[in-house]
Amino acid sequence: MSDNLTELLFLATIISFILALRFLSSPKRARLGNQLGALGMLLAIVVVLSQEGLEGYGLMAIAMAIGTVVGAVGARKVKMTAMPQMVALFNGVGGGAAALVSLAEFHNLAPAAGRLDANESVSILLSALIGSVSFAGSMIAFAKLQELLSGRPIVYPGQKFVNAAIMGAAVTLAVVVVAGQEEQWLVVALIAAALVFGVLFVLPIGGADMPVVISLLNAFTGIAASATGFVLHENVLIVSGMLVGASGTLLTLKMGKAMNRSIANVLFGAFGQVQAGGGAAIEEGRTVRATTAEDVAIMLSYARKVVFVPGYGLAVAQAQHDCRALGELLEERGVDIKYGIHPVAGRMPGHMNVLLAEANVPYDQLYEMDEINADLPQTDVVLVLGANDVVNPAAKTDPSSPIYGMPIIEVDRAAAVVVVKRSMSPGFAGIDNPLFYGEKTSMLFADAKAALEQIAAAVKAL
Amino acid sequence: MNIKLDENVHGDVAAALTAQGHDVATVRDQGLAGRPDADTATRIIGFFAVVLGTANVVGGFVVTDRMLEMFKRKPSEKQEAE
């Protein structure tokens, strides 16, 4: 294949990636966009494989077959509730791939000192450093979300100092190598330090913040891939890595905004640790009002407008289908049903939409936070299903609360609120919720699935 | 004759051979300069890199398609129902 043709096909790939991103922003064309991106990727791989001077096709074919099977089976089998973990895993292996390529290139190019010029070694080391951090950090994020590790922030005295020291060591190794000490063990040591840093850097971040971390690490993977592109002199990799880096960065910032927290606060704030101090203003001896499925059924059946606010608890209970069934039952009785979706409902942006879509909830019943907030003062009953922090009024009223300033779904503005919850235990962020003690609030203590089944049965019996 | 010249061969040699009517490809022209043949370690590392990279790419596109597929179906079903 001629160089011109190669470059032209790579340009086509890049255009397909950009169009894919564009299409993904509208629900109508999102699937087409993803397929276009996949096609572009296939083209890029074919073009790379048909370049001259390549060897080891057999080995590559085996590696690609293994990767394809692992990726495709994982992607097919994963439960929709476990999607954030899956994203963390896929992102991590991407970062790992970038780090490995840079290690291989270094091994290949630098048997003798002085073989590398500075921009080559800088690219190799950046790719190794960032890719390794992304790999190790993503694995910890995966472990936290999968609850292999505690979701609580893991902190110890002097943690930031230790982290800074390890990062400093890694950067020092990089500088030494760029300065001309092109020893392989230095690069291996750098990768080891970066891996340790990746682990330690994610450990103190609470489980609730993992989506932000994954999004940030996703941006890291993109930048690592881009650096690898510089190493391999492949424009297509530089550009596509940068597209990932840029979109990951934008998503990270967007999520920070949805929680009204700076990224620095997410990364270094050890969220959830402040619980003892925060929210202490709430007086002791508060009472909650417990209700029954039958009472809730009556409330819902005679309401005009009902809003469901689903949270991750709903998905954990696998109750999306029961939720949709209850919604349909109420609609038959002439009740107007809407779903209010917080931007960080579930475990990552759009996660709750996916979970409800899986349960055949019509897309046009899903409303974003701002839309539903405008509707809530005219709403008769809000049914909070396994959501907690995203409806916590302390975010608006209690400056000492760790989530103060976070935009919430203002369910307390509706005429009545029913919270379905298994117990009074705090939510994922570990923060007390004054909503539960509100005058308009009644609590239905039950598993979301059992509660929805009972309410539906009671509605039918009316 | 088809001749491939390694990067340590001077450029004049290529010119001279071309002048004599041979087809000459050089490692340098093909952008392969500074790239020794891959040894076993490189191959092993590269193997794992390709496994991870492919898993990332294939898994990412497949799982995204799986999610988007669910979205697309819903509004049309709703319209049919109405």
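Letters A, B, ... mirror the listed sequences (proteins, then strands); counts begin at 1. Since the structure is predicted, the reported quantities are computational estimates derived from the model, not experimental observations.
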Participant: At a 4.5 Å cut-off on heavy atoms, which part of V87(A) comes close to chain B: side chain, backbone, both, or neither?
Facilitator: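 Neither part.
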Participant: Which bit of I62(A) is near chain B, if near means a heavy-atom gap under 4.5 Å: side chain, backbone, both or neither?
Facilitator: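 I62(A) touches chain B through backbone and side-chain heavy atoms alike.
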Participant: I'd like to know whether CZ of F10(A) has more than 12 heavy-atom contacts from other residues, nucleotides or ligands below 6.0 angstrom.
Facilitator: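 Above 12, so yes.
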Participant: Return the OG1 to CD distance between T42(B) and E105(A), rounded to the nearest 0.5 Å.
Facilitator: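 Interatomic distance, T42(B) OG1 to E105(A) CD, rounded to 0.5 Å: 8.5 Å.
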Participant: Just how far is it from atom CG of L42(A) to atom CZ of F61(B), taken to the nearest 0.5 Å?
Facilitator: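 Atom-to-atom, L42(A):CG and F61(B):CZ are 10.0 Å apart.
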Participant: In Å, rounded to the nearest 0.5 Å, how long is the span from CD of E69(B) to CD of E358(A)?
Facilitator: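 Interatomic distance, E69(B) CD to E358(A) CD, rounded to 0.5 Å: 11.0 Å.
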Participant: What part of M41(A) gets within 4.5 angstrom of chain B, counting heavy atoms only: side chain, backbone, both, or neither?
Facilitator: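 Side chain only.
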Participant: Determine yes or no for a side-chain-to-main-chain donor-acceptor pair under 3.5 angstrom, with R43(B) supplying the side chain and L59(A) the backbone.
Facilitator: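 Checking the backbone N and O of L59(A) against the side chain of R43(B), no donor-acceptor pair under 3.5 Å is found.
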Participant: Are side-chain heavy atoms of D39(B) and H107(A) found at a separation under 4.5 Å?
Facilitator: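 Heavy-atom side-chain distance check passes, below 4.5 Å.
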Participant: Quick one: of M80(A), Q35(A), M60(A), who has the most non-hydrogen atom pairs under 4.5 Å with chain B?
Facilitator: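 Sorted descending by pairs with chain B, the first entry is M80(A).
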Participant: Nearest heavy-atom pair of G53(B) and A97(A): which atoms, and what distance?
Facilitator: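 Shortest heavy-atom contact: N-CB, 3.7 Å.
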Participant: So, taking the atom named CG in N34(A) and the one named CG in L68(B), what distance separates them when rounded to the nearest 0.5 Å?
Facilitator: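 N34(A) atom CG to L68(B) atom CG measures 6.0 Å (nearest 0.5 Å).
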Participant: What's the shortest heavy-atom distance between V62(B) and A72(A), and which atoms?
Facilitator: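 Closest heavy-atom pair between V62(B) and A72(A): CG1-O, 4.4 Å.
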Participant: Counting heavy-atom pairs under 4.5 Å to chain B, which of G96(A), G94(A), A225(A), A38(A) comes out on top?
Facilitator: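 The candidate making the most pairs under 4.5 Å is A38(A).
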Participant: Partners of E7(A) by salt bridge (Lys or Arg N to Asp or Glu O under 4.0 Å), sequence neighbours excluded?
Facilitator: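 By the salt bridge (Lys or Arg N to Asp or Glu O under 4.0 Å) rule, E7(A) matches no residue at all.
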Participant: Strictly by side-chain hydrogen bond (donor to acceptor under 3.5 Å, both in side chains), give each pair with a member in residues 69-97 of chain A just once, sequence neighbours left out.
Facilitator: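 Qualifying pairs, neighbours excluded: Q85(A)-Q146(A), N91(A)-S138(A), N91(A)-T221(A).
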Participant: Quick check on the interface: out of A41(B), G59(B), G60(B), who has the most heavy-atom pairs with chain A under 4.5 Å?
Facilitator: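 Counting heavy-atom pairs under 4.5 Å, the top option is G59(B).
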Participant: Could you have a look at G71(A), G95(A), G33(A) and say which one has the most heavy-atom pairs with chain B under 4.5 angstrom?
Facilitator: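 The answer is G71(A).
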Participant: Just how far is it from atom CD1 of I44(B) to atom CG of L100(A), taken to the nearest 0.5 Å?
Facilitator: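 So the CD1 of I44(B) and the CG of L100(A) are separated by 12.0 Å.
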Participant: Inspect the surroundings of CZ in F48(B) and state if more than 12 heavy atoms from other residues, nucleotides or ligands are less than 6.0 Å away.
Facilitator: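 Not buried by this count: 12 neighbours or fewer within 6.0 Å.
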